[in-house]
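Chain A is the first sequence line, chain B the second, and so forth, proteins listed ahead of strands; every chain is numbered from 1. Values below: all heavy atoms of this structure, side chains included; hydrogens, waters and symmetry mates excluded. Treat the numbers as computed from the prediction; the structure is a model and nothing was measured.
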There are 4 protein chains.
Amino acid sequence: MLTIGDKKFQSRLFLGTGKYPNYDIQKKAVDRSGTEVLTFAVRRMNIFDAEQPDFLEKIDLNKYHFLPNTAGAKNAEEAVRIAKLAHASGLCDMVKVEIIGCSKTLLPDPVETLKATEILLAEGFTVLPYTSDDVVLARKLEELGAHAIMPGASPIGSGQGIINPLNLKFIIEQAQVPVIVDAGIGSPKDAAYAMELGGGWCIIKHSGIWSKRSSPDGRSDEASY
Amino acid sequence: MLTIGDKKFQSRLFLGTGKYPNYDIQKKAVDRSGTEVLTFAVRRMNIFDAEQPDFLEKIDLNKYHFLPNTAGAKNAEEAVRIAKLAHASGLCDMVKVEIIGCSKTLLPDPVETLKATEILLAEGFTVLPYTSDDVVLARKLEELGAHAIMPGASPIGSGQGIINPLNLKFIIEQAQVPVIVDAGIGSPKDAAYAMELGGGWCIIKHSGIWSKRSSPDGRSDEASY
Amino acid sequence: MLTIGDKKFQSRLFLGTGKYPNYDIQKKAVDRSGTEVLTFAVRRMNIFDAEQPDFLEKIDLNKYHFLPNTAGAKNAEEAVRIAKLAHASGLCDMVKVEIIGCSKTLLPDPVETLKATEILLAEGFTVLPYTSDDVVLARKLEELGAHAIMPGASPIGSGQGIINPLNLKFIIEQAQVPVIVDAGIGSPKDAAYAMELGGGWCIIKHSGIWSKRSSPDGRSDEASY
Amino acid sequence: MLTIGDKKFQSRLFLGTGKYPNYDIQKKAVDRSGTEVLTFAVRRMNIFDAEQPDFLEKIDLNKYHFLPNTAGAKNAEEAVRIAKLAHASGLCDMVKVEIIGCSKTLLPDPVETLKATEILLAEGFTVLPYTSDDVVLARKLEELGAHAIMPGASPIGSGQGIINPLNLKFIIEQAQVPVIVDAGIGSPKDAAYAMELGGGWCIIKHSGIWSKRSSPDGRSDEASY
């Protein structure tokens with residue numbers, strides 16, 4: 001069983017909420033996946049931007065835990081501000097620190113990620129930092145008190161799967177907190193591989209690459225064993 | 001839906017019957033996997049060798065189709081003889097031609113496999129040859145009339161997964177009959193990968209590598225989507 | 001030292017003669033590579049097709065051995081006919097049997113390759129068959145008497161390098177004759193890898209992929225250690 | 001041509017000085033490699049530890065540039081102290097910051113590496129930090145003023161070659177300073193691959209893995225094109 005902070009989960013899968021053709025298909029995919037945790041970017045919420053539609057309108061909010069992320073933040077200060085906004089919305093059981101350090105590759109900024117993690121932990125958040133697969137960096141995040149570590153498998157949206165299984169294995173072996181493989185999971189085999197490395201959990205988005213391999217009705221639950 | 005000869009299957013998984021700690025765990029694993037096809041070596045049957053225990057004693061024979069293989073055969077003649085023995089047992093809905101050409105690597109003999117396939121087809125068998133991932137060889141087997149093609153992912157028992165996805169993709173794209181990825185499937189990610197390549201089916205054995213990643217009660221159904 | 005039939009070579013590299021921008025660059029590349037063996041398709045020779053230019057016009061024919069190949073052949077009969085044409089030209093110290101079994105992937109036909117190898121050996125040729133990386137097939141070619149085995153690294157012209165190092169290793173370990181890794185070598189690292197696998201030799205073509213990594217004056221000798 | 005700080009090099013290879021059977025073989029290997037830069041750990045110098053033999057006793061010190069590294073340092077302070085010791089020896093044209101953050105995997109500490117790089121640059125050293133393949137970290141090191149970036153291919157001494165070519169490619173593409181692929185280069189193919197990725201340079205050690213593939217007289221110059 002997965003324990004993050006004071007919460008316990010049965011499902012080994014975190015699921016993204018975007019990229020679905022419509023909210024009915026989104027609802028079906030979320031239901032069938034068996035996930036207990038939904039992720040989304042705070043900047044897509046209408047609390048952040050009133051022009052945004054309510055992308056969770058079809059979802060039964062009582063059934064899930066929420067892991068908003070700070071996508072769009074370029075430094076620790078912005079990430080902290082976004083996290084507080086999420087907290088104000090009530091849809092923030094945990095927060096994923098996501099600070100992109102390179103607009104071309106979308107890879108994370110290690111120094112700002114450490115900084116934001118430290119600040120948010122001090123403010124009482126349950127913090128799950130998205131990080132590169134740098135092994136020593138992952139340990140430093142855990143030493144700060146991060147509740148889980150979320151190393152990327154490959155660049156966000158690339159669907160390239162796990163490029164460096166050795167580093168992920170090292171991160172998983174050294175960690176006392178859960179390791180959730182994030183970013184680049186492109187197909188069920190990648191999700192299965194993440195779980196086999198011993199972490200036991202991974203996060204997927206309903207990306208184009210992924211949905212091509214899903215069934216015609218949009219379900220993306222192939223990897224939700 | 002998978003169609004082989006005159007049979008239709010819903011499950012995308014063929015399951016081995018050996019390597020379980022005992023027959024109760026074997027039964028549970030087979031049940032939970034949702035498979036419709038069980039595979040086994042004829043030489044493990046007590047029709048072949050009266051000293052052998054009945055390894056199917058716990059299995060409800062009416063619930064499954066059977067794919068015995070000719071393991072142990074070193075040439076076409078031996079494979080044909082073993083296939084006929086399986087047929088005589090009544091547990092032979094299909095036959096997997098398996099002729100090992102190299103005792104060290106356990107890789108198949110292309111020439112003898114072609115020969116045995118031709119003979120058994122002429123005798124009315126539903127024939128699924130186990131073959132290397134040689135693309136032109138796979139096409140020749142199909143041209144002979146093979147009902148499915150079973151290319152190896154990597155050497156038997158190696159658990160190395162899919163070494164050459166390109167060849168498997170070529171074999172799957174050219175084939176009009178089902179392609180069932182066989183041999184070397186070492187973990188759920190490998191099974192998922194085989195299915196993603198477009199073949200849609202694979203065969204697994206309950207090997208040591210595999211069971212280590214199963215749950216404590218011996219179920220091996222992680223890959224049985 | 002490499003011994004094929006009754007010839008001995010110091011260089012570990014066979015070099016293609018085509019795909020150069022012009023014959024001056026071809027000459028430079030051949031000289032600098034240190035190769036002792038040049039390969040070419042018989043169908044590019046003007047003995048095969050009088051309309052063809054003499055692509056060896058700048059090459060000092062006394063300095064090299066020649067390995068013409070039977071590219072274009074779709075079966076054993078055609079390959080034998082092309083090999084005899086090469087022999088008639090005087091530029092045929094050895095012959096590479098190349099019989100394509102699939103026009104899309106350009107992968108070789110195992111059955112026709114066996115047949116042509118047998119015929120040409122009986123006629124006294126020094127025969128080097130191009131083959132897939134099927135391990136048992138490679139052994140059968142050697143058992144027929146082939147003077148070297150030329151397994152492909154990946155499809156011809158794909159530049160994908162060595163996809164299945166395990167099979168190449170098996171082929172090299174079992175062989176008593178030289179193994180020359182052929183087809184798909186796309187860059188110096190691939191050539192180095194082929195040599196490290198223990199075969200010690202490989203064949204390269206001056207393909208587009210390769211030349212991009214060469215120096216501006218067209219030399220392609222990075223891999224010719 | 002490679003330019004690091006105010007120095008220019010023709011050779012694309014940096015060579016380690018340890019792990020040779022004896023100093024005569026070391027001398028031969030260094031000579032044949034064509035390298036212009038020798039690397040070594042300061043802690044192996046007799047200025048650091050008077051008990052150490054002079055491992056450069058056979059080397060003509062006027063022919064080479066020297067890149068001592070701070071191996072053994074566990075934080076920035078120790079690395080700075082070791083670098084100053086190297087400088088005092090006169091054998092320090094450049095310094096490689098090497099701060100191990102994990103004694104099991106020998107992977108580098110990103111935070112301490114940033115800190116030591118900043119301090120040594122302020123003191124006027126020519127600094128080449130050894131780092132993980134974290135892309136944003138590499139950019140931060142360059143922004144500090146590092147004269148070259150030395151990302152690891154895989155863990156030190158593992159000989160696993162380049163595990164994540166994508167990250168190395170990103171690092172090379174973004175860098176205005178040279179990128180020298182370090183650590184884990186296990187064979188000539190790995191060195192060739194590092195060069196093909198566009199960095200153009202790599203560092204090798206004469207490790208056991210490497211020397212097995214060298215010729216019997218100990219030369220390790222297969223990769224020194």
Side-chain angles (χ1 to χ4, degrees), chain A residues 73-76 98-118 129-144 151-175 183-184 186 197, chain D residues 73-76 98-118 129-144 151-175 183-184 186 197:
Chain A
K74 288 184 176 154
N75 53 50
E98 178 174 330
I99 304 177
I100 299 306
C102 171
S103 58
K104 186 190 153 203
T105 62
L106 302 183
L107 290 166
D109 184 320
V111 175
E112 297 296 319
T113 299
L114 280 166
K115 219 181 285 177
T117 298
E118 191 166 18
Y130 162 61
T131 175
S132 75
D133 60 9
D134 183 300
V135 176
V136 178
L137 182 63
R139 209 198 52 223
K140 285 182 186 286
L141 288 163
E142 182 171 356
E143 285 169 355
L144 286 178
S154 49
I156 292 178
S158 74
Q160 292 190 70
I162 294 174
I163 296 183
N164 191 332
L166 184 70
N167 274 6
L168 292 187
K169 207 170 133 277
F170 284 152
I171 290 173
I172 288 164
E173 284 174 0
Q174 80 185 353
L197 285 169
Chain D
K74 288 186 175 154
N75 54 49
E98 178 173 330
I99 304 177
I100 300 307
C102 172
S103 59
K104 187 190 153 204
T105 63
L106 302 184
L107 290 166
D109 184 319
V111 174
E112 296 297 317
T113 300
L114 280 166
K115 217 180 289 177
T117 299
E118 191 165 19
Y130 162 61
T131 175
S132 76
D133 61 8
D134 183 300
V135 176
V136 177
L137 182 63
R139 209 197 54 224
K140 286 183 187 285
L141 287 164
E142 182 171 355
E143 285 169 356
L144 286 178
S154 49
I156 291 177
S158 73
Q160 293 189 69
I162 294 175
I163 297 183
N164 191 331
L166 185 69
N167 273 7
L168 291 188
K169 208 170 132 276
F170 285 152
I171 290 173
I172 288 164
E173 283 173 3
Q174 81 185 353
L197 286 168

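When each of Asp109(D), Val135(D), Val111(D) is checked for heavy-atom pairs under 4.5 Å with chain A, Asp109(D) comes out on top. The most heavy-atom pairs under 4.5 Å with chain D, out of Cys102(A), Ser132(A), Pro110(A), come from Pro110(A).
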Might you work through the salt bridge (charged side-chain N to carboxylate O under 4.0 Å, His left out) test for Lys115(D) and Glu118(D), ending with a clear yes or no?
CA-CA 5 Å; Lys115(D) 217 180 289 177; Glu118(D) 191 165 19; over 6 Å; no
Does the pair Ile156(D) and Ile100(D) meet the rule for a side-chain contact (heavy atoms from CB on, under 4.5 Å), with working shown?
CA-CA 10 Å; Ile156(D) 291 177; Ile100(D) 300 307; 3.9 Å; yes
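To the nearest 0.5 Å, atom OG1 of residue Thr105(D) and atom CD of residue Gln174(A) are 7.5 Å apart.
Evaluation of the salt bridge (Lys or Arg N to Asp or Glu O under 4.0 Å) test over residues 160-174 of chain D, restricted to residues two or more places apart or in two chains, returns Lys104(A)-Glu173(D), Lys169(D)-Glu173(D).
Using a 4.5 Å cut-off between heavy atoms, Leu107(D) contacts chain A through both its backbone and its side chain. Both the backbone and the side chain of Ile163(A) come within contact range of chain D, each with at least one heavy atom under 4.5 Å from a heavy atom of that chain. For Pro108(D), the part sitting under 4.5 Å from any heavy atom of chain A is the backbone (N, CA, C, O) and nothing else. Interface residue Leu114(D): only side-chain heavy atoms are found under 4.5 Å from chain A.
Asp133(D) contributes no side-chain N or O that, together with a main-chain N or O of Asn167(D), makes up a donor-acceptor pair within less than 3.5 Å.
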